[in-house]
Student: 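One structure is given below, represented as structure tokens, and several questions about it will come after.
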Amino acid sequence: MAKKPSDEHEQEGGGKIGGKIATREADYPQWYQDVIREAELAEPAKVVKGCMVIKPHGYAIWEKIQRDLDARFKATGHKNAYFPVLIPQSFITKEAEHVEGFAPELAVVTHAGGEKLEEPYVIRPTSETIIGYYFSKWIESYRDLPLLVNQWANVMRWEKRTRMFLRTTEFLWQEGHTAHATHEDGLAEVQRMLGVYGDFAEEVMAMPVIRGEKTASEKFAGALTSMCIEALMQDGKALQAGTSHDLGQNFGRAFDVQFQTEAGALDYVWQTSWGVSTRLIGGLIMTHSDDAGLVLPPRMAPIHAVIVPIFRSEEEHAAVLVAAERIKAALSDLDIAPPRARYRDFIEVVVDDRPIRPGAKFYEWERRGVPVRIELGPKDLAKGQVCVKMRVDTAAGSGKEFVSEAEFIATFTARLATFQAELLRLARERMRAREVTLDTWDEFLATFAGDKSTFAWCHWDGTAETEARIKEETKVTIRCIPLPGQGPDPQPGVCIRSGRPSPRRVLMAKAY
RNA sequence: CGGGGCGUAGCGCAGUCUGGUAGCGCGUUCGGUUCGGGACCGAAAAGUCGGAGGUUCGAAUCCUCUCGCCCCGACCA
């Protein structure tokens with residue numbers, strides 16, 4: 001049976017000829033990879049196992065993430081610093097739970113300069129240890145506290161199984177590390193930064209999240225507790241999108257980070273750490289994108305609008321280009337940074353004057369996630385209008401609209417804001433539509449049968465045994481114990497698995 | 001790291017069973033006609049068939065090893 005390679009996708013609404021994108025329905029993991037390839041976000045490094053090359057369009061998204069988060073960190077009093085990528089191996093072993101958690105995934109440098117090293121270095125999987133070491137040197141008194149630093153860095157974890165952006169051997173992230181005089185202060189910091197992450201996810205990435213606390217078995221290795229934001233992907237799986245840890249005095253003790261209290265006594269500092277990574281880009285893709293390719297909210301888009309000139313004669317071409325450049329210039333002056341942002345976010349416009357047909361350009365820019373397309377032809381020039389098409393039909397615009405050039409420019413910022421809000425609204429709607437409240441084990445098994453998953457609010461007896469049992473039987477994990485205001489109001493009930501008393505429902509799902 | 005699948009031109013694939021020195025679609029380059037949703041005609045460039053070794057007169061094809069990717073598991077941002 002001679003099946004033409006292109007047949008299967010062409011029938012499924014996508015109809016791609018050049019770049020093929022599987023449908024989410026047909027093959028979700030393939031779709032994810034296709035979107036990354038076709039939007040030119042990244043590619044597998046190939047020559048280095050488990051690593052990826054983040055291409056310019058993908059890195060530009062990371063830069064957007066960095067810029068906004070960095071401003072938020074500065075606004076909360078944090079300062080950037082940078083610590084070595086290599087950590088003496090002995091450092092890692094100083095905190096018992098930390099070693100246990102990270103030992104299996106360490107890459108170790110044993111030779112350098114042509115000689116075997118006396119003590120090997122590990123490539124940082126995270127920097128609690130080496131930062132603990134420096135904190136012990138920098139902190140002497142309560143007057144030195146709180147100490148609030150952040151570092152933008154790469155880290156390496158030798159994972160068994162990698163997926164582009166979601167889990168790669170090397171990834172980019174930021175790790176905040178703070179030291180406080182009291183546990184109370186530390187806890188406040190943990191919550192504050194979780195709040196920053198939650199706000200960022202929703203306001204900037206238009207990615208709705210559930211804020212909560214990790215169970216003991218899911219928390220960071222070496223932390224007292226971990227807080228997290230969890231996002232729901234379109235296939236129903238959960239993605240841990242950010243974490244904020246209360247390290248207590250664990251690393252303080254391990255690295256002897258002591259300070260003199262106001263009363264003159266000596267005490268160990270209370271530390272926190274918190275981070276988000278390039279994984280956010282994976283979450284961004286799986287939150288908004290569709291079968292035609294990447295969809296980006298304006299605040300994440302490296303390119304906000306593309307102008308496609310339409311013409312027949314050279315005279316028309318020249319006239320259209322003049323208008324296109326005029327519009328581009330006008331839009332480029334607009335700044336869509338949030339009201340009190342400490343940075344500016346100017347509109348980026350591309351005039352696509354390549355000598356190929358307009359239709360081909362439409363598809364290409366759609367694949368790459370550009371929010372707004374402007375078609376500009378002789379008829380438009382005659383009427384002083386532009387033809388506008390949004391990447392997804394929403395209240396910001398649907399189908400092709402014809403708007404006067406002046407009005408289009410005057411309302412462009414509002415159009416993007418509406419589009420941004422609409423993407424968040426749509427994502428929230430999807431989440432709400434998928435959220436379920438389950439009370440019986442039969443319902444639970446049906447909900448998570450096969451590779452199905454969703455956000456399920458269920459009662460849990462609070463024991464690690466039950467949690468492990470559920471995971472073993474269904475692959476479902478407790479994503480978090482929700483914070484106040486997240487999920488259903490706390491009501492006592494009985495555990496969905498054990499039938500024992502439960503104080504409240506927790507969020508369960510299969511996870512990336 | 002276990003099970004399965006796969007690596008052939010930039011992308012998607014055929015060819016592998018049954019060895020004979022590489023092909024298709026799209027893309028790319030050049031010329032022309034086109035141009036408001038993936039154009040058409042003509043010409044052309046592009047592959048050490050993932051890598052190494054072996055069998056053979058001859059290997060994309062058979063054998064061994066190795067690297068990498070994808071899916072499912074165990075482990076994790």
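In the text below, chain A, chain B and the rest are named by the order of the sequence lines, each starting its count at 1. Hydrogens, waters and symmetry mates are skipped; everything else that's a heavy atom, side chains included, is used.
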Student: In whole angstrom, what separates A:E128's CD from B:A77's C1'?
Tutor: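 Between C1' of B:A77 and CD of A:E128: 12 Å.
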
Student: Taking only the P atom of each, what is the distance from B:A74 to B:A60 in whole angstrom?
Tutor: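 Taking atom P in both B:A74 and B:A60, they lie 41 Å apart.
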
Student: What integer distance in Å separates A:I356:CD1 from B:U29:P?
Tutor: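 Roughly 10 Å, once rounded to whole Å.
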
Student: Out of B:G36, B:G38, B:C75, which has the shortest distance to the side chain of A:A360?
Tutor: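 My answer, after comparing the listed nucleotides, is B:G38.
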
Student: Within this structure, what is the OG1-CG distance for the pair A:T278 and A:L280, rounded to the nearest 0.5 Å?
Tutor: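 A:T278 OG1 to A:L280 CG: 8.0 Å, rounded to 0.5 Å.
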
Student: Determine whether any donor atom in the side chain of A:E366 lies under 3.5 Å from an acceptor atom in the base of B:G37, or the reverse, and answer yes or no.
Tutor: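 Indeed, a donor on one side and an acceptor on the other fall under 3.5 Å apart.
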
Student: Is A:K361 reaching over with its side chain to a backbone N or O of A:D352, donor-acceptor style, under 3.5 angstrom?
Tutor: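 At least one qualifying donor-acceptor pair exists.
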
Student: For B:A39 versus B:G2, give the span between their P atoms, rounded off to a whole number of Å.
Tutor: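 Here B:A39 and B:G2 have their P atoms 48 Å from each other.
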
Student: Among the candidates B:C35, B:A77, B:G37, find the nucleotide nearest to the side-chain atoms of A:I310.
Tutor: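 Nearest to the side chain of A:I310 among the choices is B:C35.
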
Student: What is the distance, rounded to the nearest whole Å, between atom CD of A:E159 and atom C1' of B:C75?
Tutor: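 Atom CD in A:E159 sits about 7 Å away from atom C1' in B:C75.
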
Student: Tell me which nucleotide, if any, is Watson-Crick or G-U wobble paired with B:G68 when both distances must be under 3.5 Å.
Tutor: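 The base-pairing partner of B:G68, which may sit in any strand shown, is B:C6.
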
Student: Can you tabulate the close N/O pairs, meaning under 3.5 Å, that link protein atoms to atoms of nucleotides 66-69 of chain B?
Tutor:
unit_1 : atom_1 : unit_2 : atom_2 : d
B:C69  : OP1    : A:G50  : N      : 2.6

Student: Side chain of A:K475, heavy atoms from C-beta onward: which of B:A77, B:A74, B:C75 has the nearest atom to it?
Tutor: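 Nearest to the side-chain atoms of A:K475, counting from C-beta on, is B:A74.
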
Student: How many whole angstroms separate atom CD of A:E473 from atom P of B:A74?
Tutor: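 Nearest whole value for this atom pair: 13 Å.
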
Student: If I take atom CG in residue A:D451 and atom P in nucleotide B:C72, what distance separates them, rounded to the nearest angstrom?
Tutor: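 It is 8 Å, rounded to the nearest whole Å.
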
Student: Strictly by Watson-Crick or wobble contacts shorter than 3.5 Å, is anything paired with B:G36, and which nucleotide is it?
Tutor: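 Checking every strand shown, B:G36 finds no partner, since no pair has both distances under 3.5 Å.
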
Student: Only pairs with both distances under 3.5 Å count, Watson-Crick or wobble alike; so what is the partner of B:C49 in this structure?
Tutor: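 With both distances under 3.5 Å required, B:C49 matches none.
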
Student: In Watson-Crick or G-U wobble terms, both distances under 3.5 Å, what is the partner of B:G25?
Tutor: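 Matched B:G25 with B:C11 under the 3.5 Å cut-off.
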
Student: Using only modelled atom types and a 3.5 angstrom limit, is any donor from either the side chain of A:R373 or the base of B:G37 paired with an acceptor on the other?
Tutor: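 Answer yes: a donor N or O sits under 3.5 Å from an acceptor.
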
Student: Say whether A:E25 and A:T23, considering side chains only, have a donor N or O and an acceptor N or O under 3.5 Å apart.
Tutor: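 Side chains of A:E25 and A:T23: no pair found under 3.5 Å.
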
Student: Between B:G51 and B:C6, how far apart are the two C1' atoms, rounded to whole Å?
Tutor: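 Result for the C1' pair: 16 Å, nearest Å.
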
Student: Are OP1 or OP2 of B:G36 and a side-chain N or O of A:R357 less than 4.0 angstrom apart?
Tutor: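 Answer is yes, contact under 4.0 Å.
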
Student: Rounding to an integer number of Å, can you tell me how far A:R161 CZ sits from B:C71 C1'?
Tutor: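 So the CZ-C1' distance, A:R161 to B:C71, works out to 6 Å.
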
Student: Under 4.0 Å: is that the gap between some side-chain N or O of A:R312 and OP1 or OP2 of B:C35?
Tutor: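 A:R312 to B:C35 OP1/OP2: side-chain N or O found under 4.0 Å.
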
Student: For B:G68 and B:G23, measure between their P atoms and round to the nearest Å.
Tutor: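 After rounding to an integer number of Å, I get 32 Å for this pair.
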
Student: If we call it a pair only when both distances are under 3.5 Å in a Watson-Crick or G-U wobble match, what pairs with B:C57?
Tutor: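 Answer to the pairing question: B:G20, which forms a Watson-Crick or G-U pair with B:C57.
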
Student: Is A:R163 near enough to B:C72 that one of its side-chain N or O atoms lies under 4.0 angstrom from OP1 or OP2?
Tutor: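 Answer yes for this pair, as a side-chain N or O of A:R163 is under 4.0 Å from OP1 or OP2.
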
Student: Just checking, is any N or O donor in the side chain of A:H177 or A:E175 under 3.5 Å from an acceptor N or O on the other one?
Tutor: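 Side chains of A:H177 and A:E175: pair found under 3.5 Å.
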
Student: Can you check the distance between B:C70 and B:G54, where both ends of the measurement are the C1' atom (answer in whole Å)?
Tutor: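 It comes out at 29 Å once rounded to the nearest Å.
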
Student: Considering only the C1' atoms, how many Å lie between B:U34 and B:C40, rounded to the nearest integer?
Tutor: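 These two C1' atoms come out 8 Å apart once rounded.
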
Student: When rounded to the nearest Å, what value does the distance between P atoms of B:U56 and B:G12 take?
Tutor: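 After rounding to an integer number of Å, I get 37 Å for this pair.
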
Student: Of the nucleotides B:C35, B:C11, B:A77, which one has an atom closest to the side chain of A:E38?
Tutor: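 Nearest to the side-chain atoms of A:E38, counting from C-beta on, is B:C11.
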
Student: What's the separation between atom CD1 in A:I281 and atom CH2 in A:W62, rounded to the nearest 0.5 Å?
Tutor: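 Going from the CD1 atom of A:I281 to the CH2 atom of A:W62 covers 6.5 Å.
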
Student: Checking all strands, does A:S277 fall into the base, sugar-phosphate, or nothing category for heavy-atom contacts under 4.0 angstrom?
Tutor: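 Result for A:S277 = base.
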
Student: Here's a test of your reading of the structure: between A:R279 and A:D27, which maps to the more 5' nucleotide of RNA chain B?
Tutor: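 Nearest-nucleotide comparison on RNA chain B picks A:D27.
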
Student: Could you say whether A:T278 or A:P29 is positioned toward the 5' end of RNA chain B, judged by the nucleotide with the nearest heavy atom to each?
Tutor: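 Per heavy-atom nearest nucleotide, the more 5' residue is A:P29.
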
Student: Expressed in whole Å, how much space separates the C1' atoms belonging to B:A45 and B:C30?
Tutor: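 Going atom to atom, C1' in each nucleotide, I get 10 Å.
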
Student: Of the options B:A77, B:C1, B:G38, whose atoms approach the side-chain atoms of A:Y363 most closely?
Tutor: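 Nearest listed nucleotide: B:G38.
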
Student: At 4.0 Å (heavy atoms only), tell me whether A:D380 reaches a base, stays on the sugar-phosphate, or touches nothing.
Tutor: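 Base, at least one base heavy atom under 4.0 Å.
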
Student: So, the side chain of A:S217 versus the backbone of A:A464: is there a donor-acceptor pair under 3.5 Å, distance only?
Tutor: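 Such a contact is absent between A:S217 side chain and A:A464 backbone.
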
Student: With both distances under 3.5 angstrom, what nucleotide forms a Watson-Crick or G-U wobble pair with B:C30?
Tutor: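 WC or wobble partner is B:G42.
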
Student: Please check if the side chain of A:H288 supplies one atom and the backbone of A:M205 the other of a donor-acceptor pair under 3.5 Å.
Tutor: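 Pair found, side chain donor or acceptor close to backbone of A:M205.
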
Student: Partner of B:A74 by Watson-Crick or G-U wobble geometry, both contacts under 3.5 Å, or none?
Tutor: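 For B:A74, the partner nucleotide comes out as none, under the 3.5 Å rule.
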
Student: Report the nucleotide, chosen from B:G37, B:C75, B:A77, that has the shortest atom-to-atom distance to any side-chain atom of A:K400.
Tutor: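 Selected nucleotide (nearest to the side chain): B:G37.
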
Student: Take atom CZ of A:F220 and atom P of B:A77, then tell me their distance rounded to the nearest Å.
Tutor: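 Roughly 9 Å, once rounded to whole Å.
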
Student: Quick one: does A:N250's side chain have a donor or acceptor within less than 3.5 Å of a partner on A:G222's backbone?
Tutor: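 Answer holds: yes.
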
Student: Determine yes or no for a side-chain-to-main-chain donor-acceptor pair under 3.5 angstrom, with A:T168 supplying the side chain and A:F165 the backbone.
Tutor: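 No; judged by distance alone, with no hydrogens or angles, the pair does not exist.
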
Student: Would you mind reading off the distance between A:F362 atom CZ and B:C35 atom C1', rounded to a whole angstrom?
Tutor: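 Answer to the nearest Å: 10 Å.
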
Student: Do A:E218 and A:S226 pair up side chain to side chain, a donor and an acceptor below 3.5 Å, judged on atom types alone?
Tutor: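 No, no side-chain donor-acceptor pair sits under 3.5 Å.
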
